[in-house]
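When a ligand or atom number is given, it counts from 1 through the structure's own listing order. All heavy atoms count here, side chains included; hydrogens, waters and symmetry mates do not.
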Amino acid sequence: MHCSELRWHEPPGQALRALPLLTLYLSERCNSRCISCDWWRSGQRDFSVQMLERQLPALRRLGTEVVMLSGGEPLLHPEWMHIATLLRRHGIRPWLLSSGLAVAKHAAEIAHLFDSVTVSLDAADAARYARIRGVDGFEAVCRGVSAMAELGRPVSVRTTVQSANYRELPQIARLARLLGAASISFLAADVGAGSAFGRHGEASPEIALGHEDLPVLEAVLEELAEFEADGFVLESRAKLQRLAAYFRALLGEGEFPPVRCNAPEFSAVMEADGALRPCFFIPGSQLGVEEPLDERLNSVQQTSLRADIRAGQRPECRTCVCSMWRENARF
Ligand code: SF4
Ligand code: SF4
């Protein structure tokens, strides 16, 4: 049995011995200006290569298969190539999660170093892209997706659904396919007051949908059925309808869709300063950043955080836009 199949259904209080997936915030800095995120306002730190080197033995003990390089914008880290190379050398597959602005520029290196690439594309035209992302980057992102496809490393596109783009989800999916993307996934914009996306307060209220938008969104989601046959849209029709339920609940018109998530049992998030989170949305601790990751994961603080999550005691879970359940966490 591979170590990643071990013990992530452990009862509360038991140790976590395998971590198939680690997300690293390589840089808090970002060259986009998304209305749904605050990293670009306050992010300053980059993850240190030395910190990664110190954690490599722990990643081996934990059987880590994939490290997702995220942020902020990971390609702003001056040593992203070195970090990806280091991971590969240690048998870990790096996965790039990028705004896509610099993907065309570094296409050859990215195709060589990364097994998986996910790029954000929130609009089907330049003007709307600029409105949502705050920068004139539509053409650059499209070039990046195409360049990767031409190099035989098709990109997965990720679209954050919000008031400015919910009407054009099918157009975005068609564009992604035209550019050579391998798939597209849709995620509701997180409008909570939590600590994800570098936030220190409420998200901008303009990203949420209004009452009058909901029937339109429901119809638009049905239109995505045209992508069902070949699975280009990664979410099932039922999962897509959760997007409408989420925005409806934000308006007080129903319950938030039920959440089933075991992400903290097979993955963790390490921030640019070394702080460890059980997932994107729940803060963890900065304590013991020098400590090996397997010891930190099994500290009293992290163990009891996971126990609270399992017991449904974390408020972040009730409104989560990105819950994840995996029976067999292999990557
Ligand atoms: S959502 Fe991503 S690309 Fe946009 S500002 Fe935040 S970190 Fe940057
Ligand atoms: S449901 Fe969301 S907030 Fe809760 S553990 Fe899963 S990813 Fe984190």
Original post:
In ligand 2, which numbered atoms sit nearer than 4.0 Å to a non-hydrogen atom of Val259?
Top reply: 1 (S)

Original post:
If Ile, Leu, Val, Met, Phe, Trp and Tyr residues are connected whenever their side-chain heavy atoms lie under 4.5 Å apart, and connections chain through other members, are Leu24 and Leu16 in the same group?
Top reply: yes

Subject >> Contact check, side chains of Arg314 and Leu305, non-hydrogen atoms, under 4.5 Å >> reply: yes

Original post:
If you measure from each non-hydrogen atom of Pro278 to ligand 2, which part falls under 4.0 Å: side chain, backbone, both or neither?
Top reply: neither

**OP:** Can you sort out which atoms of ligand 2 are near Pro264, meaning under 4.0 Å from one of its heavy atoms?
**Re:** 5 (S)

Original post:
In terms of atom number and element, which parts of ligand 1 are under 4.0 angstrom from non-hydrogen atoms of Cys30?
Top reply: 3 (S), 5 (S), 7 (S), 8 (Fe)

Subject >> Closest contact, heavy atoms only, Arg296 versus Ser285 >> reply: NH2-O, 3.4 Å

Subject >> Ligand-side contact atoms (ligand 2) for residue partner Ile309, heavy atom cut-off under 4.0 Å >> reply: 5 (S)

Subject >> Nearest-neighbour protein heavy atom for atom 4 (Fe) of ligand 2, which is reported as residue plus atom name and distance >> reply: Cys317 SG, 2.3 Å

Subject >> In one Ile/Leu/Val/Met/Phe/Trp/Tyr side-chain cluster, 4.5 Å: Leu151, Val157 >> reply: no

Subject >> For Cys322, the ligand 2 atoms whose distance to one of its heavy atoms is below 4.0 Å >> reply: 7 (S)

Original post:
Near Ser323, which atoms of ligand 2 are under 4.0 Å from a heavy atom of that residue?
Top reply: 1 (S)

**OP:** Could you name the option among Ser267, Cys279, Cys261 that has the heavy atom nearest to atom 8 (Fe) of ligand 2?
**Re:** Cys279

Original post:
Can you tell me the protein heavy atom closest to atom 2 (Fe) of ligand 2 and the distance?
Top reply: Cys320 SG, 2.3 Å

**OP:** Report yes or no: does a heavy atom of Gly72 sit under 4.0 Å from some atom of ligand 1?
**Re:** yes

Original post:
Within a reach of under 6.0 Å around CG of Asn298, are more than 12 heavy atoms found that belong to other residues, nucleotides or ligands?
Top reply: yes

Original post:
Which bit of Glu73 gets closer than 4.0 Å to ligand 1, counting heavy atoms only: side chain, backbone, both or neither?
Top reply: neither

Original post:
Same cluster or not: are Trp325 and Val259 linked, directly or through other Ile, Leu, Val, Met, Phe, Trp or Tyr residues, by side-chain heavy atoms under 4.5 angstrom apart?
Top reply: no

Original post:
Hey, is CD on Gln44 packed in by over 12 heavy atoms from elsewhere, all under 6.0 Å?
Top reply: no

Original post:
With a distance cut-off below 6.0 Å to the six-membered ring centre and an angular limit of 45° from the axis, does Arg177 pair with Phe232 as a cation-pi contact?
Top reply: yes

Original post:
Is it true that atom CD of Gln313 has more than 12 heavy atoms of other residues, nucleotides or ligands lying nearer than 6.0 Å?
Top reply: yes

Original post:
Short list, please: which atoms of ligand 1 are under 4.0 Å from a heavy atom of Trp39?
Top reply: 7 (S)

Original post:
Met81, Leu56: one ILVMFWY side-chain cluster at the under-4.5 Å cut-off?
Top reply: yes

Original post:
Short list, please: which atoms of ligand 1 are under 4.0 Å from a heavy atom of Arg133?
Top reply: 3 (S), 4 (Fe)

**OP:** Please could you name the atoms of ligand 1 that Trp40 approaches to less than 4.0 Å, counting only its heavy atoms?
**Re:** 5 (S)

